[in-house]
Amino acid sequence: MEIEPSKIRIKDIAEQAGVSVGTVDRVLHGRTNVSALSMEKVQKVLDAINYVPNHYASALASNKVHDFAAILPLHEEDSYWARVEHGLIEGTKRFNDFKISFKIYHYDPFSDESFKVESSKVIDSQPDVLIIGPVFNFNLMKNFVDRLDKEEIPYALLDSNWEEFNPVTFYGQDSHASGAFAGRIISMAMNKEEKKIAIFKVLGEGRVASRQQMDRELGFRKYMQEHLPQCEIVDVNLYAYDKDGVKEILNKFFAENPDIITGLSFNSSIHIICNFLRNEKPDHKHVTLLGYDAINTNVECIKNGSCEFLIGQHPHDQGLNCFRAMFNACVLHIKQRKNHYVSIELLTKENIDYYKD
């Protein structure tokens with residue numbers, strides 16, 4: 001008697017294949033100790049009935065503890081990475097039907113040694129799944145990823161994409177496109193007479209914190225070279241470990257460059273410039289500023305008019321969706337798309353209240 005596929009039971013498959021129920025169960029769940037002949041018999045029946053596995057039920061039935069881990073930059077509570085982390089943690093709650101453990105390792109984004117130490121801890125813990133907020137140093141990342149590949153630990157990349165590596169998936173903006181978008185917006189806001197524009201960078205150990213910031217800047221510079229080649233781009237370097245020196249640097253910069261009335265930053269730090277100008281230079285000519293990320297301090301700057309533009313990228317959703325993708329790939333064994341580029345959203349005083357992460 002033919003049985004409808006939607007109603008077929010393991011017992012029915014076993015009878016049609018001429019094997020035991022236990023053998024069918026082992027085949028369906030990918031377990032070992034099944035002979036080639038039995039595997040062939042079961043698969044023939046599955047093909048005949050167009051069997052579609054219930055990945056969710058199978059994963060639940062395995063009763064396995066799935067060890068997830070993430071390695072992220074150290075961050076303050078009001079930050080882009082704090083929102084990413086909240087999204088990852090929410091991911092664990094979304095799948096609380098399963099036995100999931102989740103541990104987060106934090107490294108100093110300006111310290112190669114810190115990443116070495118924390119990444120070694122990750123390897124030693126042997127997680128089933130890893131989510132990485134990549135460090136800036138390519139060689140460090142390559143060494144880490146090579147070890148993950150050797151240990152057969154699947155991983156995802158968040159925020160910064162590396163075409164040289166082979167993650168299960170990536171979540172984040174297209175950095176070059178994002179930088180070009182910033183160039184388009186800021187050039188539209190500039191006066192035709194302007195000849196200079198400032199890029200404000202927060203550095204540590206002589207560099208920015210992430211490859212994404214570097215790639216955004218490359219995209220921006222390419223756009224400006226193509227569309228406003230006569231405009232000089234001036235770098236203003238601020239130092240993460242010398243907060244007392246920031247005011248001095250900015251005072252000197254604006255004193256020496258009174259003609260610069262447009263600037264931008266490629267991370268969440270634009271509020272530093274906004275608050276300096278608002279509190280220390282209230283009589284200074286207005287400076288049009290663009291920054292990234294709708295953290296609380298940046299949103300306040302948009303609302304009080306000291307910043308014109310923010311580019312949002314939904315960090316909470318990045319974390320949540322990245323966790324979901326790795327759960328689907330590594331627990332449910334559902335193939336995932338390699339790259340998930342998130343939207344590049346322009347936020348202003350008029351729409352900032354409607355931006356939801």
Side-chain angles (χ1 to χ4, degrees), residues 79-81 83-84 136 158-161 170-192 194-203 207-238 250 253 257 260-277 286-295 297-303 305-315 318 339 341-352 355 357:
S79 70
Y80 164 85
W81 282 108
R83 287 160 171 75
V84 170
F136 182 89
L158 267 174
D159 182 69
S160 296
N161 200 7
F170 160 76
Y171 270 85
Q173 284 186 346
D174 180 323
S175 301
H176 287 93
S178 180
F181 178 75
R184 178 181 294 274
I185 297 303
I186 209 73
S187 63
M188 291 171 64
M190 292 172 65
N191 295 329
K192 292 182 179 180
E194 287 185 66
K195 297 181 179 179
K196 292 182 182 179
I197 186 171
I199 297 178
F200 299 96
K201 304 179 184 180
V202 176
L203 307 180
R207 58 171 173 77
V208 295
S210 74
R211 178 168 173 169
Q212 188 190 61
Q213 291 176 53
M214 180 185 73
D215 288 343
R216 286 172 180 166
E217 183 177 338
L218 290 174
F220 172 78
R221 287 182 180 275
K222 181 179 179 182
Y223 181 91
M224 296 297 287
Q225 181 60 38
E226 291 175 354
H227 296 87
L228 288 172
Q230 73 281 5
C231 184
E232 179 186 356
I233 298 174
V234 182
D235 291 342
V236 185
N237 295 332
L238 311 173
L250 291 176
F253 171 75
N257 298 275
I260 288 187
I261 55 173
T262 305
L264 71 165
S265 174
F266 293 111
N267 68 352
S268 304
S269 64
I270 198 65
H271 62 274
I272 295 173
I273 319 305
C274 297
N275 291 333
F276 169 82
L277 289 169
H286 181 74
V287 180
T288 299
L289 295 171
L290 177 149
Y292 277 74
D293 302 319
I295 63 174
T297 46
N298 284 347
V299 170
E300 180 58 33
C301 293
I302 284 283
K303 290 186 174 182
S306 57
C307 180
E308 270 68 39
F309 309 108
L310 289 175
I311 294 178
Q313 53 185 327
H314 296 283
Q318 282 188 50
N339 292 321
Y341 289 110
V342 303
S343 60
I344 302 170
E345 298 189 16
L346 183 65
L347 307 176
T348 67
K349 190 172 185 178
E350 290 72 25
N351 70 352
I352 193 71
Y355 173 79
D357 184 23

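The structure displayed is predicted, hence computed values, not measured ones.
Exactly one residue among F309, F220, Y292 makes a side-chain contact (heavy atoms from CB on, under 4.5 Å) with L264. That residue is F220.
Within the 3.5 Å criterion, the main-chain N or O of L289 finds a donor-acceptor partner in the side chain of E308. A side-chain donor-acceptor contact under 3.5 Å links Q318 to the backbone of Q313. Between the side chain of S160 and the backbone N or O of Q212, at least one donor-acceptor pair lies under 3.5 Å. Checked by atom type and distance alone, the side chain of D215 never pairs as donor or acceptor with a backbone atom of S178 at under 3.5 Å.
No side-chain heavy atom of K222 sits under 4.5 Å from any side-chain heavy atom of H176. Using a 4.5 Å heavy-atom cutoff, the side chains of V236 and L250 are in contact.
Classification of the F253-F200 ring pair by plane angle, with boundaries at 30° and 60°, yields perpendicular.
Using a 3.5 Å distance cut-off with no hydrogens or angles, the side chains of Y80 and N267 do not pair a donor with an acceptor.
Here the CD1-CD1 distance, from I302 to I270, works out to 9.5 Å after rounding to the nearest 0.5 Å. Taken to the nearest 0.5 Å, the SG atom of C307 stands 6.5 Å off from the CG atom of N298. Between the CG atom of L310 and the CD1 atom of I295 there is a distance of 8.5 Å, given to the nearest 0.5 Å.
Contact record, V299 with A294: CG2-O, 3.7 Å, taken as the closest heavy-atom pair.
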